[in-house]
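Atoms within each ligand, like the ligands themselves, are counted from 1 in listed order.
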Amino acid sequence: MIKIAPSILSADFANLERDIRRVSSADWLHVDVMDGCFVPNLTIGVPVVQSIRKCTGMFLDVHLMIDKPVRYVEAFAQAGADLLSVHLEADHPTGIAEALRRMEACKVKKAVALRPITAPSAVLPYLEGLDMVLVMTVEPGFGGQAFLEHQLDTIRQVRALIERYNPACRLEVDGGISVKTAAAVVAAGADTLVAGSAVYGAADPAAAIAALRGD
Ligand SMILES: O=C(CO)[C@@H](O)[C@H](O)COP(=O)(O)O
């Protein structure tokens with residue numbers, strides 16, 4: 001079953017509650033946390049996740065694009081995140097293992113994310129304990145970028161590793177997802193699609209979500 005996770009990075013932050021309601025037919029809500037250091041952009045922090053949690057019961061898929069994410073695992077878990085993704089490039093190797101251990105202790109779902117430059121095999125040391133792998137199909141930092149076609153091969157390779165070592169693990173793909181790219185991404189092995197501009201740039205976000213699901 002394909003899950004759709006609209007990214008609120010493309011929402012109107014002055015009307016965030018309204019824009020979260022607009023995507024309530026989606027499966028998850030994707031929250032992009034950026035620190036201006038791991039990526040060249042600053043977005044949402046712990047207090048905003050706390051406020052989002054108060055205004056929706058949706059599953060909160062929180063993507064931490066921050067250096068040394070281990071520092072913030074408990075804070076985002078307590079704020080109401082259901083799943084946390086930490087970038088393998090953000091603190092390899094000890095910090096990532098510790099971040100995953102803390103997620104387990106906080107009872108949030110555990111994911112690692114890969115920048116486009118990162119080899120699929122980098123997930124191997126962690127894969128058996130993961131709930132999800134997130135493959136980036138743009139360079140992280142901004143919404144509205146063009147999908148990187150060469151990442152289809154990364155998706156295929158990560159899917160093969162998941163099938164071999166942890167078939168229950170989800171495979172989320174994020175960046176440049178639209179009705180034009182979604183079919184190839186799903187065919188390559190994704191089961192969860194993050195979409196920002198394709199959902200919030202549409203006149204009818206609910207129709208855009210249905211189209212991405214292939215309804
Ligand atoms: O993490 C990111 C960008 O770093 C994404 O979640 C974007 O927000 C997706 O936006 P679109 O590419 O779908 O417009």
Side-chain angles (χ1 to χ4, degrees), residues 2-13 16 19-20 22-23 25-45 48-49 52 58-67 69 72 76 81-90 109 111-118 132-152 154-155 158 170-186 188 190-214:
I2 303 297
K3 288 193 192 295
I4 306 297
S7 164
I8 57 165
L9 187 59
S10 297
D12 175 358
F13 283 2
L16 195 49
D19 277 7
I20 289 170
R22 281 187 174 156
V23 299
S25 62
D27 304 278
W28 292 359
L29 193 69
H30 187 84
V31 181
D32 284 317
V33 175
M34 304 186 187
D35 65 354
C37 200
F38 182 72
V39 289
N41 198 3
L42 277 168
T43 56
I44 286 167
V48 178
V49 172
I52 293 171
M58 287 177 83
F59 183 96
L60 295 186
D61 162 24
V62 178
H63 179 189
L64 299 180
M65 284 165 272
I66 63 176
D67 269 335
Y72 289 100
F76 280 105
D82 292 295
L83 177 148
L84 292 172
S85 295
V86 290
H87 268 268
L88 289 178
E89 311 83 6
K109 297 213 179 292
V112 297
L114 284 76
R115 291 185 103 120
I117 198 172
T118 303
M132 192 179 86
V133 176
L134 190 176
V135 173
M136 291 302 299
T137 42
V138 295
E139 197 51 52
F142 299 93
Q145 302 182 74
F147 178 80
L148 296 172
E149 288 285 331
H150 65 78
Q151 282 298 86
L152 286 172
T154 301
I155 298 166
V158 171
R170 298 198 74 86
L171 201 178
E172 180 174 74
V173 173
D174 180 7
I177 300 296
S178 67
V179 279
K180 289 194 186 126
T181 56
V185 168
V186 170
D191 52 37
T192 307
L193 306 179
V194 176
S197 42
V199 169
Y200 280 112
D204 181 350
I209 290 163
L212 286 168
R213 269 204 202 103

Candidate pair F147 and E149, rule side chain to side chain contact (heavy atoms under 4.5 Å, CB included), full reasoning: CA-CA 6 Å; F147 178 80; E149 288 285 331; 3.9 Å; yes

Proximal protein residues to ligand 1, non-hydrogen atoms under 4.0 angstrom: S7, L9, H30, D32, M34, H63, M65, M136, P140, G141, F142, G143, G144, D174, G175, G176, V194, A195, G196, S197

Whether H63 and H87 hold their rings parallel, tilted or perpendicular, with breakpoints at 30° and 60°: parallel

Value rounded to 0.5 Å, distance of CG in L60 from CZ in F76: 11.5 Å

Any side-chain heavy-atom pair of V194 and I177 under 4.5 Å: no

Residues that L16 engages under side chain to side chain contact (heavy atoms under 4.5 Å, CB included), provided they are two or more places apart: I8, A11, F13, I20, V48, I52

Side chain proximity check, M65 to M34, heavy atoms < 4.5 angstrom: yes

